[in-house]
Amino acid sequence: MSSFTILAILVAAAIIAYFIGRFRSIQSCGGQQRELHSRPAYHGYYLAILTALPAIIVLALWSAAERPVTQYVAMQELPAQVLEGTDAQRALTMSVVDTIAEGLPKLSPEESETLRKARLGFVTTTDARDVLARHGVVLGSDPDRAILAAADELAAARETSRLALPLVCFALAAIGFVWGFSRIRPELRARNIVERVIRGGLFTASTVAVLTTVGIVLSVLFETIHFFQFVAPFDFLFGTVWDPRFATVGQAEGQFGLLPLLWGTLFISFVALLVAVPVGLFAAIYMSEYAGSRVRAIAKPVLEILAGIPTIVYGFFALSVFGPLLRDLGFNIGLEISASSVLTAGIVMGVMIIPFVSSLSDDIINAVPQSLREGSYGLGATQSETIKRVILPAALPGIVGAVLLAASRAIGETMIVVLAAGIAANLTLNPLEPVTTITVKIVSQLTGDLEFNSPQTLVAFALGLTLFIITLALNVYALYIVRKYREQYE
Amino acid sequence: MTDQTASLASFTGEEAQKKLRKRHRAERRFRMYGIAAIVFAVAFLLFLFGSIFSQGWSAFLQTSIQLPVTFSQEVINPSGNPNDEEELFRANYVKLAREALYSELGVDPKDRKTRRAVNELLSRGVDVQLRDMVLRDPSIIGTTQDVWLLASDNADALLKGSIDRETPSDRRQVSDQQIAWIDQLVANGDMKKRFNTGLFVNGASSNPETAGLGVALIGSFFMMLTVVLLAVPLGVCAALYLEEFAPKGKIADMIEVNINNLAAVPSIVFGLLGLAVFINFFGLPRSASLVGGLVLTLMTLPTIIITTRAAIRAVPPSIREAALGVGASKTQVIGHHVLPLSLPGILTGTIIGLVQALGETAPLLMIGMVAFVVDYPSTPLDPATGLPVQIYMWASSAERGFVERTAGATMVLLAFLIVMNSLAVYLRNRFERKW
């Protein structure tokens, strides 16, 4: 029985329990609803919660823990030298065990017997391999006897889990129902209990965001530590050559220098900011200081459309239109511009982040107190002089915050650079040549076949962690500045 | 007195006038910069849309050839048993289409060179087209039917003008003879551009003319469904807790800072999370739209929480106090008043979150949604792609026919986003209450 079926049955049981609870509460007071502490519906909810909630929690935890626990049980069958070997070897062995265990339930009784014999050493393991191959389980080599035993253990553990889970869930539901039913009486404070559960549920929901952050940090950090077992942190952080070679299990061939990627990322982001900061800032100034409400009502949403366009669309545009256009323009004036140059990706990305600069700057300029403007006008300054000498200096911290937020967007942006920036890691100062970025390399290391224990794959997590730390630092600092700035004028 | 006249003169004199004019010029210039910035952004937007539309509109048309195809018994079903699906499945349908085209053009099928040139006019997808017809209705075996068959990529490109007739024939992908045949077919009305339903229903294909968005649309639908079912309840509950219950203190502050930072984490990092947690740890299948949906749920959660909180905050406290005053509990106040009153705002926020999720590509690349999926996924656990991922895959292919299709797919994606955004704007204007 799949988890979904169990869940559906539990939900149905909860609905039935609701009506029983309601009915029971009315019955318990002999139809005198005034006698009840809580209204009948709350008794219904109370019984429904007791019936379904514990079982659903167990179901969720069980489903989450099933895979690690069964794998752990199976692993006990493996010989000590495998268990003590490197993570990579162990993972490799476990994946073979996993494949065999997947195939075991498909075998006929005679075939299972062959496998049992092979495990005990009566027939060769080649026979076992042939039997498995007939059911679509293709193995690279004859399986070890210990592996067969582990696979058997794994399959058995899974079978037990499959049978026990519905039993446990339904037993819990039954116990909850009976206990709750016996407690329904007019004095029961059902509403308070239900409200406490609702409040607990709301709190749990609000922790999901925190759990996500923890999950990001832990998962990425864990795989990064794994990566640093192959490659020294110093070589990664300060290496100037990026050349990871092909993925081979457990081999750290090639070089994993971060610097060329980091340089490419910063270079493209810098070009993007060169476009976005002046355009965004002037647009914000015009909209908040000069434009009438009609222009503002049109221009602001149009700028926001730029932020709403999916980045893949910008990427495709940069790849198919803007890159070739720049190349041809350069050709006409005698410059050799690569179609995937820093300029291509940088300019398109710059346009994408214009709204991030403009809308936040707009808010910030609007927050500058009117009295400062009027004071400046009173001294005879023109509007632009007021903006340049009074408003911008007053709004500067906030604008810096907005620019930092935009920079963090640019650094973490993926699809534009994946399609429009280069692939080769170059340490170049020439904006007409292609460079590559951290995000491009994360994508290229993780598409295709994955081997979770080769440095070529794991390096993506180390790059991800680098990206996460850089953007987080920028964000926290930017939000701190903006907050501080707001407080200043409140 | 003389002092004052002198200083007045310094305001009205030639020197001062000149300075004033200079200051006013600076003022106008400054103003022009602002206008220029807005014009630049708008022009870029128009250029972007314009270039995508001009490349993409032709993807909605596809060249087909109308041919009287004889479904001959010997070729399709020599055993004479129409229930033998295996045989019907394996039959040489391409031959049927080709023979129909030979007789239509009146060429000699004995000459190998001519034969090959004629064959190149038909798409490689015609066998699937004819096979599906026979499998759907085996009674057509032995009859002759007029069928619109897909033309090849090159014929399509010639009709759409992306192959230039003026190019010398040795550098052109279509020979003079083929052009003559195509012109003949077009003149007879047997070859023309028809609406391309294949773009919306077909799965992945290595031939541009038979590649479509079918699998991607279903995958995106499953992902959006997951997001709606998970992110909306979670987000609304979290927002309710933070606005209505959370005691002001360290924990609430921490959650708040956390949500703001989560909203700014690069999307690709969420993909890494999905890969490490959902696929590697929990063992969910790669390329499954469920995993995509889960990752997008985590990504859109901050957006939904932030917009929902704003909507809840907009409900005036007097309503809460009135309800509390007549004896409602806090939960009842929320359930009976706050939630219904903030529903339009929550709905708008949800749609904005969905728009963001629908266009997101990078995290889906991480969890293996870049896949060549031919068959429709029937559950969220089956391999699928998504609309933006399909655009990415087509954008990375080399064939000319895919450029047009990439732009066409982009237009489909943008159309969805525009519709959803308009819906959000409409809902906001229709139901928003000013207190």
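Quick caveat: nothing in here was measured; it's all calculated off a predicted structure.
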Whether A:Thr207 side chain and A:Val210 backbone form a donor-acceptor pair below 3.5 Å: no
Residue A:Tyr477 excluded, over 12 heavy atoms near OH under 6.0 Å: no
Partner chain A: residue of B:Ile268, B:Ile334, B:Leu234 with the largest heavy-atom pair count (under 4.5 Å): B:Ile268
Atom group of B:Ala231 that falls short of 4.5 Å from chain A, counting heavy atoms: neither
Part of B:Pro388 within contact of chain A (heavy atom distance under 4.5 Å): both
Toward chain A, the part of B:Thr361 with a non-hydrogen atom under 4.5 Å: both
Selection from B:Gln356, B:Glu360, B:Gln55 maximising heavy-atom pairs under 4.5 Å formed with chain A: B:Gln55
Contacting region of B:Ala407 [heavy-atom separation from chain A under 4.5 Å]: both
Per-residue contact mode, B:Leu262 against chain A (heavy atom under 4.5 angstrom): side chain
Top contributor to chain A contacts, counting heavy-atom pairs under 4.5 Å, from B:Ala409, B:Ser329, B:Gly271, B:Gly274: B:Ser329
Nearest non-hydrogen partners of A:Leu467 and A:Ile411, listed with the distance: CD1-O, 3.6 Å
B:Phe44 portion near chain A, given a 4.5 angstrom heavy-atom threshold: side chain
Region of B:Ile52 in contact with chain A, defined by heavy-atom distances below 4.5 Å: side chain
Portion of B:Phe40 that has a non-hydrogen atom of chain A nearer than 4.5 angstrom: side chain
Proximal component of B:Leu301, with respect to chain A [non-hydrogen, under 4.5 Å]: side chain
Side chain / backbone / both / neither for B:Ile367 at chain A, heavy atoms under 4.5 Å: neither
Chain B contact via A:Ile216 - which portion, at a heavy-atom distance below 4.5 Å: both
Heavy-atom contact with chain A under 4.5 Å, split by part of B:Leu48: both
